[in-house]
There are 2 protein chains.
Amino acid sequence: MKRRNTPTKEAVLEVLKTAGKAMSQDAIEQEIHMDINRATIYRVLNRFCEDGVLHRIVADDGKQYFALSDKNDNNKVSDNHFHFKCLACDTIECLPNEVSFTVPNAYSVAHMNCVLTGICKDCS
Amino acid sequence: MKRRNTPTKEAVLEVLKTAGKAMSQDAIEQEIHMDINRATIYRVLNRFCEDGVLHRIVADDGKQYFALSDKNDNNKVSDNHFHFKCLACDTIECLPNEVSFTVPNAYSVAHMNCVLTGICKDCS
DNA sequence: CTAACAAATGCGACACAATTGCATTAAAGA
DNA sequence: TCTTTAATGCAATTGTGTCGCATTTGTTAG
């Protein structure tokens, strides 16, 4: 199952890079100046998540948002940071802060999804 | 808009108290031994959230889960804790750990939704 | 350059969570 | 008991995300 380069993939990545924020499928579709099917965009986004290019955030509106994964020096993906959803401009951005937590004994954590909601610097 | 006591409200609260965990609408409906409409359960849950009796967690499956709000000594609601969703038994519980975080200047936080996913103590 | 294979796409239908409008029922106070 | 209006049931609707299947297109081998 080798991946192929397609105009759709490039366009989606380009939009996300330009925005510098997490975006939902419909926001991406609006921003792309091409006619791409909804299902295709979802499939592209899901593949990017599988490949570690993007990571998925589920906001408290129940919707999925996608943002570029930042890789550290060892090229290891690290997405254990907080996300911030602004109530005013309705965007989601990745905060630099790492999430620090401890869990009780015998619990093991595979994944985290932490979203803070409020007013961002541009809207305050 | 004064609230009234109804069998539905009592039943929903009872189920959540007994479970001691966060539950979704369909899980609550299954557990209640009455025939209550889906929309009604949602309305009851939403009212409880408005009144601070329950708090709402949105898991990374995009679904809403509801749990009793724990109030501290001053009867002030404090729901700034982590939630843990077990992949094995598919339940969500409130962890005792408070979420500690800092946000960049000029950001203000109104609400948080932090869910850790993994294997809980009963399933490991 | 062409042919062949399989990944990617478009389209429509579908599944599911959650909400809403409206008519009806029932809780609570007078 | 009567009145008021919050709460409920029902059906329809909205919105997000997925899936099956036929078609297109990227990639590689010859």
Side-chain angles (χ1 to χ4, degrees), chain A residues 1-16 22-51 53-67 83 85 90-92 111 113 115 117, chain B residues 1-16 22-67 83 85 90-92 113 115 117:
Chain A
M1 173 96 94
K2 206 155 94 198
R3 294 285 140 87
R4 292 176 182 174
N5 286 329
T6 65
T8 302
K9 287 178 66 173
E10 289 173 27
V12 169
L13 258 192
E14 186 58 33
V15 166
L16 282 168
M23 298 177 74
S24 60
Q25 176 274 325
D26 55 295
I28 293 171
E29 183 170 348
Q30 271 196 327
E31 209 62 35
I32 288 184
H33 305 300
M34 303 165 58
D35 197 30
I36 305 178
N37 187 271
R38 199 162 43 104
T40 302
I41 295 182
Y42 274 114
R43 279 187 282 233
V44 167
L45 291 170
N46 285 331
R47 283 193 292 256
F48 276 143
C49 285
E50 283 174 30
D51 298 345
V53 178
L54 301 181
H55 64 283
R56 186 193 319 261
I57 308 124
V58 178
D60 50 14
D61 57 6
K63 283 174 61 177
Q64 302 181 351
Y65 291 76
F66 300 87
H83 297 94
K85 176 150 177 277
D90 201 39
T91 65
I92 294 187
H111 176 257
N113 187 69
V115 181
T117 307
Chain B
M1 175 97 93
K2 206 155 95 200
R3 294 284 141 86
R4 294 176 181 174
N5 285 329
T6 64
T8 303
K9 287 178 67 174
E10 290 173 26
V12 168
L13 258 192
E14 186 57 33
V15 165
L16 282 168
M23 298 177 75
S24 60
Q25 175 276 326
D26 54 295
I28 294 171
E29 183 170 349
Q30 271 196 330
E31 209 62 34
I32 288 185
H33 305 302
M34 302 165 58
D35 197 29
I36 304 177
N37 188 270
R38 200 161 39 106
T40 301
I41 295 182
Y42 273 114
R43 279 187 280 233
V44 166
L45 292 170
N46 285 331
R47 283 193 292 256
F48 275 143
C49 284
E50 284 173 30
D51 298 345
V53 179
L54 300 181
H55 64 284
R56 185 193 320 263
I57 308 122
V58 178
D60 50 13
D61 58 5
K63 282 174 62 177
Q64 302 180 351
Y65 291 77
F66 300 87
H83 297 93
K85 174 150 177 280
D90 199 40
T91 65
I92 295 187
N113 188 69
V115 181
T117 307

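Just so it is clear: chains get the letters A, B, ... in the order the sequence lines come, proteins before strands, and each one is counted from 1.
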Undergrad: Using a cut-off of 4.0 Å on non-hydrogen atoms, how would the nucleic acid contact of B/Asp35 be classed: base, sugar-phosphate, or nothing?
TA: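 Sugar-phosphate contact only.
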Undergrad: So, is A/Arg56 near the phosphate of D/dG17, with a side-chain N or O under 4.0 Å from OP1 or OP2?
TA: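 A/Arg56 to D/dG17 OP1/OP2: no side-chain N or O under 4.0 Å.
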Undergrad: Using whole Å, report how far CZ of B/Phe48 lies from P of D/dA7.
TA: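 Going from B/Phe48 (CZ) to D/dA7 (P), I get 10 Å.
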Undergrad: If we ignore hydrogens and angles and just use 3.5 Å, is the side chain of B/His55 paired with the main-chain N or O of B/Ala67 as donor and acceptor?
TA: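 Yes, B/His55 side chain to B/Ala67 backbone: donor-acceptor pair under 3.5 Å.
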Undergrad: When you check the phosphate oxygens OP1 and OP2 of C/dA18, does a side-chain N or O of B/Tyr42 lie under 4.0 Å from one of them?
TA: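 Answer is yes, contact under 4.0 Å.
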Undergrad: Rounded at 0.5 Å granularity, tell me how far NZ in A/Lys85 sits from OH in A/Tyr65.
TA: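 That separation rounds to 5.0 Å.
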Undergrad: Can you tell me how far P of D/dC10 sits from CD of B/Glu29, to the nearest Å?
TA: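 The distance from CD of B/Glu29 to P of D/dC10 comes to 11 Å, rounded to the nearest Å.
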Undergrad: What I want to check is whether an N or O donor and acceptor connect the side chain of A/Arg38 with the base of D/dG17 at under 3.5 Å.
TA: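 When only heavy-atom distances are counted, A/Arg38 does reach the base of D/dG17 through a donor-acceptor pair under 3.5 Å.
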Undergrad: Can you measure from CZ (B/Arg47) to CG (B/Leu45) and round to the nearest 0.5 angstrom?
TA: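 Going from CZ on B/Arg47 over to CG on B/Leu45, the span is 9.5 Å.
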Undergrad: With a 4.0 Å limit, can you tell me whether A/Lys2 has a side-chain N or O closer than that to the phosphate oxygens OP1/OP2 of D/dG26?
TA: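 Answer is no, no contact under 4.0 Å.
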Undergrad: How close or far is atom P of C/dA17 from atom CG of B/Leu45, stated in whole angstroms?
TA: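 One finds 14 Å between P of C/dA17 and CG of B/Leu45, rounded.
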Undergrad: Do any side-chain nitrogens or oxygens of B/Thr6 fall under 4.0 Å of OP1 or OP2 in C/dA26?
TA: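 For C/dA26, neither OP1 nor OP2 has a side-chain N or O of B/Thr6 closer than 4.0 Å.
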Undergrad: Quickly work out the A/Arg4 CZ to C/dC5 P distance and round it to whole Å.
TA: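 For the pair A/Arg4 CZ and C/dC5 P, the rounded distance is 13 Å.
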Undergrad: Between P on C/dA17 and CG on B/Asp61, what's the gap in Å once rounded to a whole number?
TA: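 Roughly 9 Å, once rounded to whole Å.
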Undergrad: So how far is it from A/His83 NE2 to A/Asn113 CG, rounded to the nearest 0.5 Å?
TA: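 That separation rounds to 7.5 Å.
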Undergrad: If you measure from CD on A/Gln64 to CG on A/Leu54, what distance do you get to the nearest 0.5 Å?
TA: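 Here the rounded value is 12.0 Å.
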Undergrad: Indicate whether OP1 or OP2 belonging to C/dA17 is found under 4.0 Å from a side-chain N or O atom of B/Ser24.
TA: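 Answer is no, no contact under 4.0 Å.
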Undergrad: About how many Å separate CD of B/Gln25 and CD of B/Gln30, when rounded to the nearest 0.5 Å?
TA: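 These two atoms lie 10.0 Å from each other.
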Undergrad: Would you say a side-chain N or O of A/Thr8 is under 4.0 Å from OP1 or OP2 of C/dT9?
TA: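 True: A/Thr8 side-chain N/O within range (under 4.0 Å) of C/dT9 OP1/OP2.
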Undergrad: Nearest whole angstrom, please: distance from the C1' of D/dC19 to the CG of A/Asn46.
TA: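 Going from A/Asn46 (CG) to D/dC19 (C1'), I get 12 Å.
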Undergrad: Write down the distance between CD1 (B/Ile41) and P (C/dA17), rounded to a whole number of angstrom.
TA: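 Checked: the CD1 to P distance equals 13 Å.
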Undergrad: Does the D/dA6 base have a donor-acceptor partner in the side chain of B/Arg3 within less than 3.5 Å?
TA: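 No.
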Undergrad: Is there a side-chain contact between B/Thr40 and the phosphate of D/dG9, meaning an N or O under 4.0 Å from OP1 or OP2?
TA: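 It does, given that an N or O in the side chain of B/Thr40 lies less than 4.0 Å from OP1 or OP2 of D/dG9.
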Undergrad: For DNA chain C, whose closest nucleotide is more 5', that of B/Asn5 or that of B/Ala39?
TA: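 Its nearest nucleotide being more 5', the pick is B/Ala39.
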Undergrad: Atom CG of A/Asp60 to atom P of D/dT16: distance rounded to whole Å?
TA: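 Interatomic distance, CG of A/Asp60 to P of D/dT16: 15 Å.
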Undergrad: Applying a 4.0 Å non-hydrogen cut-off, can you work out what B/Gln25 is touching in the nucleic acid: base, sugar-phosphate, or nothing?
TA: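 It contacts nothing in the nucleic acid.
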Undergrad: Between A/Lys9 and B/Lys63, just flag the one whose closest nucleotide in DNA chain C comes earlier from the 5' side.
TA: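 Here A/Lys9 is the residue nearer the 5' end.
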Undergrad: Does a distance-only test, which skips hydrogens and angles, find a donor-acceptor pair under 3.5 Å between the side chain of A/Arg43 and the base of D/dG17?
TA: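 Under the 3.5 Å cut-off, the side chain and the base do not form any donor-acceptor pair.
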